[in-house]
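Data first, discussion second: the structure below is written as structure tokens.
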4 protein chains.
Amino acid sequence: MTTREEQKNQTRSKILKCAFEVFSKNGFAAPTLDIAKAAGVSHGTIFVHFSTKEDLIIQLVRNFSFKLRSTIIVPLSSPKGIENFLINYMDVIQKNEQFYIRLIGEKDLLPDEARLMFLNLQLSNARSFATIVKLQRNSMKLKNIPSTMMFNTWIGLVHYYLLNKDLFSPKGSVIKKYRDELISTYLELIRVQD
Amino acid sequence: MTTREEQKNQTRSKILKCAFEVFSKNGFAAPTLDIAKAAGVSHGTIFVHFSTKEDLIIQLVRNFSFKLRSTIIVPLSSPKGIENFLINYMDVIQKNEQFYIRLIGEKDLLPDEARLMFLNLQLSNARSFATIVKLQRNSMKLKNIPSTMMFNTWIGLVHYYLLNKDLFSPKGSVIKKYRDELISTYLELIRVQD
Amino acid sequence: MTTREEQKNQTRSKILKCAFEVFSKNGFAAPTLDIAKAAGVSHGTIFVHFSTKEDLIIQLVRNFSFKLRSTIIVPLSSPKGIENFLINYMDVIQKNEQFYIRLIGEKDLLPDEARLMFLNLQLSNARSFATIVKLQRNSMKLKNIPSTMMFNTWIGLVHYYLLNKDLFSPKGSVIKKYRDELISTYLELIRVQD
Amino acid sequence: MTTREEQKNQTRSKILKCAFEVFSKNGFAAPTLDIAKAAGVSHGTIFVHFSTKEDLIIQLVRNFSFKLRSTIIVPLSSPKGIENFLINYMDVIQKNEQFYIRLIGEKDLLPDEARLMFLNLQLSNARSFATIVKLQRNSMKLKNIPSTMMFNTWIGLVHYYLLNKDLFSPKGSVIKKYRDELISTYLELIRVQD
DNA sequence: AATGAATGAGTTTTCATTCAT
DNA sequence: TATGAATGAAAACTCATTCAT
């Protein structure tokens, strides 16, 4: 890679990084000029690397999905498979809580392609979860509920807390504050009591 | 009421009705001009009846909260109290599904006053639910989970389906399609199995 | 005059009175709606009595000019003619200080006709003053200066204080505060010292 | 300075110049769109260079005050100090007569900052004048009048002519037409005659 | 005569995007 | 490749004036 190309990549990365931060903080309606300022590049430079604001968002969501996908561990045959999955899931989200909140909260502002990618990520997670649940049914008596529903209940609960962060945890991370309570509640719910 | 007043009220109602529809369809960022067009009045007329766009939204949310409040029945001492509450809850939401979705999905675009009103409505519902749950514990064995968490799980699940309506039910009402499944799943989860 | 006509006149007077007050307080750019509210009549009523806002202002200035004209006394053959004129002039202005300030300060917002009327008033005053000066020259040694200039110096000084009321007397009347100082300064200036 | 910067400065200057002309001609209530048209730039361009209309006015008044300040000469120890000051004062005003008239006539439309700057300029001039008067008292017998009053009489007279330009000199410059008469009248007034 | 709801042209400001340098 | 000045299409809101009642 030539020096020129390297520098180009660096600029591009810088923009992506700063866009991530600006959008996390101010939402996807934040002006592209703010991103340029944050990245220390000119306004026009953004459009050298990304044809439109939509394109920038798409790349951002693509990277984000990829990162999440590669971070979410699916502990297939563990006896505590579900719990481990949930713990890991929470940790992953917590690391990019603000951006994740924007993603689920401003879904309708996203370009179609970005929305689809994020959707696919969730579907993929749902499938992973379903697999784990299936395996876990052996070692743990679970409520007789379709695994889709099981996942949706979980993700619904988590998203509810995330979207109402200002209510539940205005200052710090919601996930950090409620992680354990959410997990234990959920596990309690899906378990058949003896 | 004189004819003049009637006509004024009609215009006001027409604007409110059309604003409700336009916001339901396009979100709260929809231009006031679109509402004027939909209502068949001039742009200026909107500001004769509502001092600002924010004011219009506040009135809209006020009416909506009031309607919901007066429609949500709280069947205190029924043996099927929880189930009846949930059925009723779903029916009420279903009637204004689109607007409800905008309300929870574009929370951050709302004027403070509107956000607070809607928040209070949800808190009020949470309290009603808690009361019912307490009573129901006698006639039905329930999971040993704080009633707040019980409500949040329910509302999280429902909101998740609403916010992902395009995924679950792109054409018709999500609630109509999933009402029974959501209720039965939820009841199954909170019940202690024998 | 029939009762009907009486009432009509009353409404008209009420509007004129309130317009005078509103314009005094907020300037001629004040909305006609504010005047209607102050007068306790409907917005449309204003345009029943005055075809346009300009027309209303014209009537207002006409009345005002008339009132001033009839209040300004021209003490022709007094030995203290000039001084008496100045004292009276100040008193007359002071009674409607705010409106007078608007008139000289927002001259360019006035309809042509109104501007002309107010101009004529000032010309008439200038002529009166010239006459007095001529008579006074007998009993008092005055600077050898054209009487037009004498008047303009006086009115310039007074208007300067009026237009900078916020500087000279932000709370109460400027004229009240500076009347004596302005008069004595002026008299000192025009007198030939021995 | 690069070509780019030069061009930017040119646009900025062009806007300032045209704003100066448009405001001079139509007053500060003139629409920003008119300025854009006069400058041959798009409406948005104005707001690239000036964050708000108020900001534009502030810059304009700042430049104007600066120009006036640097042009007004204070001939301290001259035997004809006062006369020279007045001549120079008139010349300076004459160069930007229209704008100066708007400034004193639409004072209340100005942003606070602009009003303050122009006020300070006048105060500064008043102080200069006071100094000159003090020195001149040696070489010329002057009326026994506070120097503040001396300045106010002068500026009152000049402003009166300026504000009534349409009366005194509808076509050309008032100052040009009346400069000498105003100065000689004023000098005659403040002098003690022997 | 009085009402007051409705009109619509006019105003400032924002911001993604373009393009000459 | 990067720059950043310039663009122009919105968007919310104001207010004198009209007209059916």
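Letters A, B, ... mirror the listed sequences (proteins, then strands); counts begin at 1.
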Which whole-number value in Å describes the distance from [X] [atom1] to [N] [atom2]?
X	N	atom1	atom2	answer
A:Leu109	E:dC15	CG	C1'	15 Å
C:Ile15	E:dT3	CD1	P	9 Å
D:Glu6	E:dT21	CD	P	13 Å
D:Asp55	E:dT12	CG	P	14 Å
C:Leu56	F:dT17	CG	C1'	14 Å
B:Gln10	F:dT21	CD	P	13 Å
C:Lys53	F:dT14	NZ	P	15 Å
D:Phe50	F:dA5	CZ	C1'	13 Å

What would the secondary structure line of DNA chain F be in dot-bracket form, counting Watson-Crick and G-U wobble pairs under 3.5 Å, with [ ] for pairs that cross earlier ones and | for pairs with another strand?
.||||||||||||||||||||
With the threshold set at 4.0 Å, does a side-chain nitrogen-carboxylate oxygen contact exist between D:Arg102 and C:Asp108?
yes
Below 4.0 angstrom, N of the basic side chain to O of the carboxylate: do A:Arg62 and A:Asp55 qualify?
no
Choosing from [options], which nucleotide comes nearest the side chain of [X]?
X	options	result
B:Thr52	F:dC13, E:dA2, E:dT13	F:dC13
D:Phe47	E:dT12, F:dA20, F:dT17	E:dT12
B:Thr11	E:dT12, E:dA6, E:dA16	E:dA6
D:His49	F:dA6, E:dA16, E:dA6	F:dA6
C:Val48	E:dA1, E:dC15, E:dA6	E:dA1
D:Pro31	F:dA12, E:dT12, F:dT21	E:dT12

If we only count heavy atoms from C-beta on, is the C:Leu103 to C:Arg115 side-chain gap below 4.5 Å?
no
For DNA chain F, whose closest nucleotide is more 5', that of B:Arg4 or that of C:Ala30?
C:Ala30
How long is the straight-line distance from CD1 of D:Ile104 back to CG of D:Leu162, given to the nearest 0.5 Å?
5.0 Å
Spacing of CD1 belonging to A:Ile15 relative to CD belonging to A:Gln10, to within rounding of 0.5 Å:
12.0 Å
Could you list by number each residue of residues 33-46 of chain A showing a heavy-atom separation from DNA chain F of less than 4.0 Å, or answer none if no residue does?
A:Val41, A:Ser42, A:Gly44, A:Thr45
For D:Thr32 and E:dT12, is the shortest distance between a side-chain N/O and OP1 or OP2 below 4.0 Å?
yes
Of A:Glu54 and C:Lys8, the one whose closest DNA chain E nucleotide lies more 5':
C:Lys8
Test C:Phe23 against every option in C:Phe28, C:Tyr100, C:Phe99 by the ring-ring contact (aromatic ring centres under 6.0 Å, His included) rule and name the one that passes.
C:Phe28
Cation-pi between A:Lys17 and A:Phe64: NZ/CZ under 6.0 Å from ring centre and within 45° of the ring axis?
no
Closest heavy-atom pair, A:Thr45 versus A:Ser42, reported as atoms and distance to 0.1 Å, is OG1-OG, 2.9 Å
Closest heavy-atom pair, A:Val22 versus A:Ala30, reported as atoms and distance to 0.1 Å, is CG1-CB, 3.7 Å
Verify whether one side chain among B:Thr32 and B:His43 offers a donor that lies under 3.5 Å from an acceptor in the other.
yes
